[in-house]
> 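Pasting in a structure now, in structure tokens, and then I'll have a few things to ask.
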Amino acid sequence: MLATKELQQRCSRSVAVARGCARVRPSIRLPGRRQLEVVARDYPRPAFETAETFQEAQALSAKLRNAPRPAKPLKVVIAGAGLAGLSAAKYLSDAGHHPIVLEGRDVLGGKVAAWKDEDGDWYETGLHIFFGAYPNMMNIFKELNIEERLQWKEHSMIFAMPNLPGEFSRFDFPDIPAPWNGIIAILRNNQMLTWPEKIQFALGLLPAIIFGQKYVEEQDSLTVTEWMRKQNVPDRVNDEVFIAMAKALAFIGPDRLSMTVVLTALNRFLQERHGSKMAFLDGAPPERLCQPMVDHFQARGGELKMNARLQRIELNEDGSVKHFQLTNGEIVQGDLYMSAMPVDILKLLVPEPWRPMPYFSQLKELEGVPVINIHIWFDRKLTTVDHLLFSRSPLLSVYADMSTTCKEYYDTEKSMLELVFAPAKEWIGRSDQDIIDATMTELERLFPTEIRADQSLAKIRKYKVIKTPLSVYESRAGREAFRPSQRSPISNFYLAGDFTKQKYLASMEGAIFSGKLAAEAIVDDLAGRPASSNLGRSAASSPELVAASALLAVAALGASVVGFGL
């Protein structure tokens, strides 16, 4: 891990420019090393308001909030209380309607659900990171007046070094406008990629610069690995950077992930000054994010029904929805209906008369990816960093010491690591003990002086293994064409969910945005307006991607010529 002196130097530099940092104080002396006490101090909230994407999201919120009040509020029945369903309910209530949200479980959040164990400790379905490039998410925090619940971290991306156990390579973004901050972060890191490799990758991006949107959209037919080889990018670029990025973005490897996903992420991170900044929520998502959304729409006449699992969608003779029938026999009726359920559950509940319709038949091409999230409570404080870490492990994707990064889980004496085990396809059916044993073997490499697989050093106090056999849709190559819009061919039925068509892919932002777009579709339909195309500018086609890619190529090539080193 980073040495005490280096961390203290980083903190000193940060304090000098009035920014937050994790302070590190030497504590008890152990044989051969110093025990560290990490005191988390968060960075200031980024100034999102000037970002074009934030303003677009803000304008859509204002459109829904200022929509003409209906003579009689419509009852909109929404199946699913994940971020998509709660977002739809929030914005429908802003537009003057009464959402009725049905949740099949006893917990809010869907893919961001969390539970308390017998000791009162939280465990979650995933390691949820909030990026600056999430404009609709940032807007909803602002609209709910809960912005202080986001704990912003240093503007860096930190990767473990597989060949140097316990060491990390950092991409530190300077506080200057985009895309220069990202370019400089890439150029001055020479641990992971050589100059020839950077240049070859920059040259690989030239077709996107020359051919623009059409080219980028066509890349959905290629995996990241196929695209890299087609562009003659060295395999080591894939191995050093994109395996870790692919697993973090979509829980699958670059040999399956669509290149469009990577181009979308690069666009967001390079285009926006604060796009790649990361924040942790200060506690469990059901309480700290989902419940405020519920409180918001309930205060405006909406309803929430927990343990209300949808069994069947009953139809009228014309094929429209008559009502939702729950597994407990209850019938829930409304004026309009929406599914905000995961695509795999929706496919099971699509009524037989709808199945031949192209809109619904294409759903068979979308399926969830298995994900495993792990929590391990140790008997001592580990030497960790107040940030998200990319493990670059064959089995682990990203991890964080939540006892350092998150106020709700904060502990000065003991660590709790939360880790994403990915890809999980070959492990989802294995026992919890097998998964923990494999994880500990990987952690021995990440914490060589503190963790041994046999627990001869740090000992496990307890652990939780949370398996989600079908999580976010698998964004493998070729899936983009099958994602449905929020407006269905059924007159009174709409869809929300991160698998629906929107520019933020399978993410929390994608879920929030999809719910907002579904609410907009309802508002527009009621006003008799034609179908709008408020998916936002295509992330893969915006001119900023071209500019950022060009600058990266020029900077890399220029640096190689003049020996520029940062």
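Below, each value reflects all heavy atoms present in this structure, side chains not excepted, and no hydrogens, waters or symmetry copies.
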> Any side-chain heavy atom of Leu127 sitting closer than 4.5 Å to one from Leu419?
no
> Is Gln486 reaching over with its side chain to a backbone N or O of Lys501, donor-acceptor style, under 3.5 angstrom?
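Yes, Gln486 side chain to Lys501 backbone: donor-acceptor pair under 3.5 Å.
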> Sequence neighbours excluded, which residues qualify as salt bridge (charged side-chain N to carboxylate O under 4.0 Å, His left out) partners of Lys305?
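Salt bridge (charged side-chain N to carboxylate O under 4.0 Å, His left out) check on Lys305 returns Glu330.
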> Can you list, pair by pair, the side-chain donor-acceptor contacts under 3.5 Å of residues 77-86, counting residues two or more places apart and other chains?
none

> Below 4.5 Å, heavy atoms only, C-beta onward: do Asn238 and Val233 meet side chain to side chain?
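They are not in side-chain contact.
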> Evaluate the criterion side chain to side chain contact (heavy atoms under 4.5 Å, CB included) for residue pair Phe297 and Val101; output intermediate values, then yes/no.
CA-CA 10 Å; Phe297 68 73; Val101 179; 3.7 Å; yes
> Kindly say whether Pro351 contributes a backbone atom to a donor-acceptor pair with the side chain of Arg312 at under 3.5 angstrom?
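Checking the backbone N and O of Pro351 against the side chain of Arg312, no donor-acceptor pair under 3.5 Å is found.
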> Would a 4.5 Å heavy-atom cut-off, applied to side chains only, mark Leu395 and Thr439 as touching?
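In short, these two side chains do not touch, never coming nearer than 4.5 Å.
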> Take Met245 and Leu257, measure what side chain to side chain contact (heavy atoms under 4.5 Å, CB included) needs, and give me the verdict at the end.
CA-CA 10 Å; Met245 284 192 67; Leu257 180 64; over 6 Å; no
> Taking only residues two or more places apart in sequence, or in another chain, which ones meet Ser471 in a side chain to side chain contact (heavy atoms under 4.5 Å, CB included)?
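Partners of Ser471 under the side chain to side chain contact (heavy atoms under 4.5 Å, CB included) test: Lys111, Val371, Thr468.
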> Does Ser391 use its side chain to pair, donor to acceptor, with the backbone of Leu396 at less than 3.5 Å?
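Yes; judged by distance alone, with no hydrogens or angles, the pair exists.
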> Apply side chain to side chain contact (heavy atoms under 4.5 Å, CB included) to Glu287 and list each qualifying residue two or more places apart in sequence or on a separate chain.
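Glu287 satisfies side chain to side chain contact (heavy atoms under 4.5 Å, CB included) with Trp122 once adjacent residues are dropped.
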> Please name all residues satisfying salt bridge (charged side-chain N to carboxylate O under 4.0 Å, His left out) with Asp239, sequence neighbours left out, ordered by chain then number.
none
> If the condition is side chain to side chain contact (heavy atoms under 4.5 Å, CB included), which residues does Lys90 pass it with, not counting sequence neighbours?
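If we apply the side chain to side chain contact (heavy atoms under 4.5 Å, CB included) test to Lys90, skipping adjacent residues, the hits are Asp94, Ile140, Glu143, Leu144, His296.
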> For the side chain to side chain donor-acceptor pair (under 3.5 Å) test, which of Arg288, Lys407, Gln151 pairs with Asp282?
Arg288
> What class does the angle between the rings of Phe171 and Phe159 fall in, given that below 30° is parallel, 30 to 60° is tilted and above 60° is perpendicular?
perpendicular
> Mark yes or no for whether Arg105, through its side chain, and Arg309, through its backbone, hold a donor-acceptor pair below 3.5 Å.
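Side chain of Arg105 to backbone of Arg309, a donor-acceptor pair under 3.5 Å: no, none is there.
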> Do you know the tightest heavy-atom contact between Tyr409 and Gly283?
OH-C, 4.1 Å
> Begin from the C-alpha positions of Leu289 and Val112 and carry the test side chain to side chain contact (heavy atoms under 4.5 Å, CB included) through to its verdict.
CA-CA 10 Å; Leu289 173 58; Val112 300; 5.7 Å; no
> Any side-chain heavy atom of Ile451 sitting closer than 4.5 Å to one from Met440?
yes
> Which residue pairs pass the salt bridge (charged side-chain N to carboxylate O under 4.0 Å, His left out) test when at least one of the two sits in residues 463-474, sequence neighbours left out?
Arg256-Glu474, Asp432-Lys467, Glu474-Arg476
> Quick one: list whatever passes side chain to side chain contact (heavy atoms under 4.5 Å, CB included) with Asp220, sequence neighbours left out.
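With neighbours one apart ignored, the set is Ser258, Thr260, Glu480.
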> May I have all residue pairs that pass side-chain hydrogen bond (donor to acceptor under 3.5 Å, both in side chains) and include part of residues 129-140, sequence neighbours excluded?
Asn136-Glu509, Asn136-Lys516
> When you measure from the side chain of Gln325 to the backbone of Glu314, do you find a donor-acceptor pair of N or O atoms at a distance under 3.5 Å?
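No.
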> Show your working on side chain to side chain contact (heavy atoms under 4.5 Å, CB included) between Trp354 and Val321 and close with a plain yes or no.
CA-CA 11 Å; Trp354 293 359; Val321 180; 3.6 Å; yes
> Output all residues satisfying salt bridge (charged side-chain N to carboxylate O under 4.0 Å, His left out) with Asp106, sequence neighbours left out; order by chain, then residue number.
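In terms of salt bridge (charged side-chain N to carboxylate O under 4.0 Å, His left out), with neighbours along the sequence ignored, Asp106 is linked to no residue.
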> Measure from the side-chain N and O atoms of Ser156 to the backbone N and O of Ile158, and report whether any donor-acceptor pair falls under 3.5 Å.
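Side chain of Ser156 to backbone of Ile158: no pair is present.
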> Work out which heavy atom in Gly253 is nearest to a heavy atom in Pro423; give both atom names and the distance.
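Heavy atoms only, the tightest pair is N-CG, 4.1 Å.
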> Does Lys247 use its side chain to pair, donor to acceptor, with the backbone of Ala422 at less than 3.5 Å?
yes
> Within the side chain of Glu226, is there an N or O that forms a donor-acceptor pair under 3.5 Å with the backbone of Thr223?
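Judged by distance alone, yes, a pair lies under 3.5 Å.
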> Indicate the atoms forming the closest heavy-atom contact of Leu446 with Ala160, along with that distance.
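So the two residues come closest at CD2-CB, 3.6 Å.
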> Mind running ring-ring contact (aromatic ring centres under 6.0 Å, His included) on Tyr504 and Phe131 for me, showing each step along the way?
CA-CA 12 Å; Tyr504 289 99; Phe131 283 93; over 10 Å; no
> Which salt bridge (charged side-chain N to carboxylate O under 4.0 Å, His left out) pairs, counting each pair once, include a residue from residues 117-138, with sequence neighbours left out?
Asp117-Lys462, Asp119-Lys462, Asp121-Lys462
> Measure from the side-chain N and O atoms of Glu442 to the backbone N and O of Ala438, and report whether any donor-acceptor pair falls under 3.5 Å.
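Not confirmed, Glu442 side chain does not pair with Ala438 backbone.
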> Quick check: does any side chain N or O of Gln502 sit under 3.5 Å from a backbone N or O of Leu505, one acting as donor and the other as acceptor?
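Answer holds: yes.
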> Hydrogens and angles aside, do Lys414 and Ser403 bring a side-chain donor and acceptor to less than 3.5 Å of each other?
no
> Are the side chains of Leu326 and Gln311 in contact, using a 4.5 Å heavy-atom criterion?
no
> Is any side-chain heavy atom of Arg392 closer than 4.5 Å to a side-chain heavy atom of Phe168?
no
> Would Tyr359 and Phe493 count as a close aromatic pair, with their ring centres under 6.0 Å?
no
> Flag the pair Leu193 / Phe201 as yes when at least one side-chain heavy-atom distance between them is below 4.5 Å, and no otherwise.
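Leu193 does not reach Phe201 side chain to side chain.
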> So, for Leu310 and Met341, which heavy atoms are closest and what is the spacing to 0.1 Å?
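Reported closest heavy-atom pair: CD2-CE, 3.9 Å.
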> Who passes salt bridge (charged side-chain N to carboxylate O under 4.0 Å, His left out) against Asp344, sequence neighbours left out?
Lys347
> Would you indicate whether the side-chain heavy atoms of Glu418 and Thr405 approach each other to under 4.5 Å?
no
> Where is the tightest heavy-atom contact between Pro356 and Ser361, given as atom of each residue plus distance?
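Looks like O-OG, 4.3 Å.
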> List the atom of Met192, the atom of Met161, and the distance in Å for their closest heavy-atom pair.
CG-SD, 4.2 Å
> Can you see whether Tyr473 engages Glu365 through a side-chain donor-acceptor pair at a distance of less than 3.5 angstrom?
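Per modelled atom types, Tyr473 and Glu365 side chains form no pair under 3.5 Å.
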